[in-house]
Amino acid sequence: MAASTPPQMLLKSNLKQLRLPAILAEYEKLAREAAETDQDYEQYLLHLTELEVAARQSNALKARIKQAAFPVEKDFDTFDFAAAPFLQKQKILEMARGEWIDERFNCCLIGTAGTGKTHVATALALAACRQGRRVRFFTAASLVNRLEEAQKQYAVEKVLSQLDKTELLVCDELGYLSFSRTGAELLFQVFADRYERGSVLITSNLPFSEWGQIFQGERMTAALLDRLTHRCHISEMNGESYRFKESMKGKRRGRKK
Ligand code: ADP
Ligand code: MG
């Protein structure tokens, strides 16, 4: 740029080139504030860099959440632990701190329909995203589907290596649908591959004793359960369906009118 270009324009151009959009957006306003409040240069610069750092962190979090591909973003703030007496609240909130993922522990939430398994799984995974962890959420059916499609194109290894990069793999609704032999084998391979290398969070309506139905064959099921449950937080979530309870409340209220 020409030497006669005003400093303002040069500064803006530099901030763009250096990719500092938060500083670019805020520096003028903050400069006025700094003058008014007698801040020194370092305080001003610190303030600006804090804004940029915060913006980057927030963008990175958004990207991680997008990559996780949650069907619905459900968090603990909307989860009523009082309505889920079968859960150990303290244990779940401790798990939300994410250390189990560092330790490559797994988590299984097992129970009847509508008790909040998907909600809790999503909230735990969301917490992991906030801690900077790479997460991927699948339903068992969509994961098997992805693997089968990949196999048709001789690209299973590619999918496996993508999954390998995630620190937490969520597999929701295992057991609602049964898979083909190949599908079950591919899923087995994913879980077996992650053993002690990456965490898996599984939700299922089936107790472990019935997983033979999913993995067709007692030997494969036993081998899988052996690995999966070796280092694993298991919570049983059996109870009345939350949706059902809520809709009954609504009806009762309706009747009173
Ligand atoms: P599951 O996966 O066990 O079948 P979901 O997690 O899908 O159940 O829960 C069903 C619906 O009820 C969801 O909309 C969920 O947000 C809600 N829900 C379940 N349990 C609770 C709870 N304890 N507090 C608040 N909402 C809940
Ligand atoms: Mg569910």
Side-chain angles (χ1 to χ4, degrees), residues 65-98 100-101 105-130 133 135-147 163 166 168-179 183-184 187 190-191 194 199-215 224-225 228-229 232-254:
I65 291 175
K66 195 167 170 216
Q67 267 169 356
F70 297 113
V72 194
E73 268 178 49
K74 297 248 172 173
D75 210 343
F76 284 118
D77 61 350
T78 56
F79 190 79
D80 178 8
F81 277 95
F86 40 77
L87 271 185
Q88 284 177 270
K89 179 178 177 182
Q90 279 319 314
K91 185 181 164 187
I92 299 293
L93 292 182
E94 198 203 304
M95 285 182 74
R97 299 214 311 259
W100 63 287
I101 302 171
F105 261 68
N106 298 320
C107 171
C108 291
L109 306 175
I110 313 283
T112 44
T115 54
K117 298 182 295 299
T118 301
H119 193 138
V120 171
T122 308
L124 285 172
L126 204 51
C129 286
R130 291 201 184 100
R133 297 184 162 92
V135 172
R136 187 70 170 83
F137 188 108
F138 285 99
T139 61
S142 67
L143 181 54
V144 167
N145 205 5
R146 166 74 64 92
L147 291 163
L163 294 178
T166 63
L168 174 62
L169 174 68
V170 182
C171 179
D172 193 27
E173 297 187 350
L174 187 69
Y176 277 117
L177 296 172
S178 54
F179 313 117
L187 193 60
V190 168
F191 292 157
R194 292 184 76 81
S199 296
V200 185
L201 195 174
I202 294 178
T203 83
S204 179
N205 60 315
L206 293 181
F208 292 133
S209 57
E210 289 172 37
W211 281 27
Q213 294 168 30
I214 313 169
F215 289 95
L224 175 77
L225 283 175
L228 192 70
T229 59
C232 189
H233 295 291
I234 300 167
S235 291
E236 280 194 30
M237 297 181 63
N238 284 309
E240 229 186 310
S241 154
Y242 184 84
R243 276 181 292 240
F244 183 70
K245 268 192 291 194
E246 287 297 293
S247 69
M248 290 311 282
K249 265 194 226 163
K251 283 197 184 110
R252 257 179 258 133
R253 268 198 299 273

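These numbers come from the heavy atoms of this one structure, side chains and all, not from hydrogens, waters or symmetry mates. As the structure lists them, so they are numbered: ligands from 1, and atoms in each ligand from 1. Here the structure is a predicted model, which means the values were calculated and not measured.
Close N/O approach between Gly114 and ligand 1 is found [any backbone or side-chain N/O within under 3.5 Å]. In terms of polar-atom proximity, defined here as any N/O pair under 3.5 Å, Gly116 does make such a contact with ligand 1. Where the criterion is an N or O separation shorter than 3.5 Å, residue side chain and backbone included, Lys74 meets it with respect to ligand 1.
Between the side chain of Ser241 and the backbone N or O of Phe244 there is at least one donor-acceptor pair closer than 3.5 Å. Judged purely by atom type and a 3.5 angstrom limit, Arg194 uses its side chain to pair as donor or acceptor with the backbone of Ser199. At least one donor-acceptor pair under 3.5 Å links the side chain of Thr122 to the backbone N or O of Thr118. Between the side chain of Asn106 and the backbone N or O of Leu201 there is no donor-acceptor pair closer than 3.5 Å.
Aromatic ring orientation, Trp100 versus His233: perpendicular (interplanar angle above 60°, classes split at 30° and 60°). Note: Trp211 and Phe215 have tilted aromatic rings, judged against thresholds of 30 and 60 degrees for the angle between ring planes.
At a heavy-atom distance under 4.0 Å, no atom of Asn205 approaches ligand 1. If you look at Tyr242 next to ligand 1, the close heavy atoms, those under 4.0 Å, all belong to the side chain.
If you check which protein heavy atom lies closest to atom 24 (N) of ligand 1, you get Asp80 N, 2.8 Å. Closest protein heavy atom to atom 6 (O) of ligand 1: His119 N, 2.9 Å. At the top of the distance list for atom 25 (C) of ligand 1, counting protein heavy atoms only, stands Thr78 O, 3.2 Å. Atom 11 (C) of ligand 1 has Arg243 CG, 3.7 Å as its closest protein atom, hydrogens excluded (heavy atom only). When only non-hydrogen protein atoms are considered, atom 7 (O) of ligand 1 lies nearest to Thr118 CB, 3.8 Å.
Of all atoms in ligand 1, listed by their number and element, those nearer than 4.0 Å to a heavy atom of Phe79 are 20 (N), 21 (C), 22 (C), 23 (N), 24 (N), 25 (C). Near Ala113, with a cut-off below 4.0 Å to any heavy atom, the atoms of ligand 1 are 4 (O).
Inspection of the environment of the Mg ion (ligand 2) yields the following protein N, O or S atoms under 2.8 Å: Thr118 OG1.
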Could you give me the CA-CA distance, side-chain angles and deciding distance for Thr203 and Asp172, then say whether side chain to side chain donor-acceptor pair (under 3.5 Å) is met?
CA-CA 5 Å; Thr203 83; Asp172 193 27; 2.5 Å; yes
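Using a 4.5 Å heavy-atom cutoff, the side chains of Phe208 and Ile234 are in contact. Looking only at side-chain heavy atoms (C-beta outward), Glu73 and Ile65 come within less than 4.5 Å of each other. Counting only heavy atoms from C-beta outward, the side chains of Ile110 and Ser235 never approach each other to under 4.5 Å.
Listed by chain and residue number, Asp80, Tyr242, Lys245 satisfy the side-chain contact (heavy atoms from CB on, under 4.5 Å) test with Ala83 (two or more places apart in sequence, or in another chain).
Residues Thr112 and Thr115 have side chains that never bring a donor and an acceptor to within less than 3.5 angstrom of each other.
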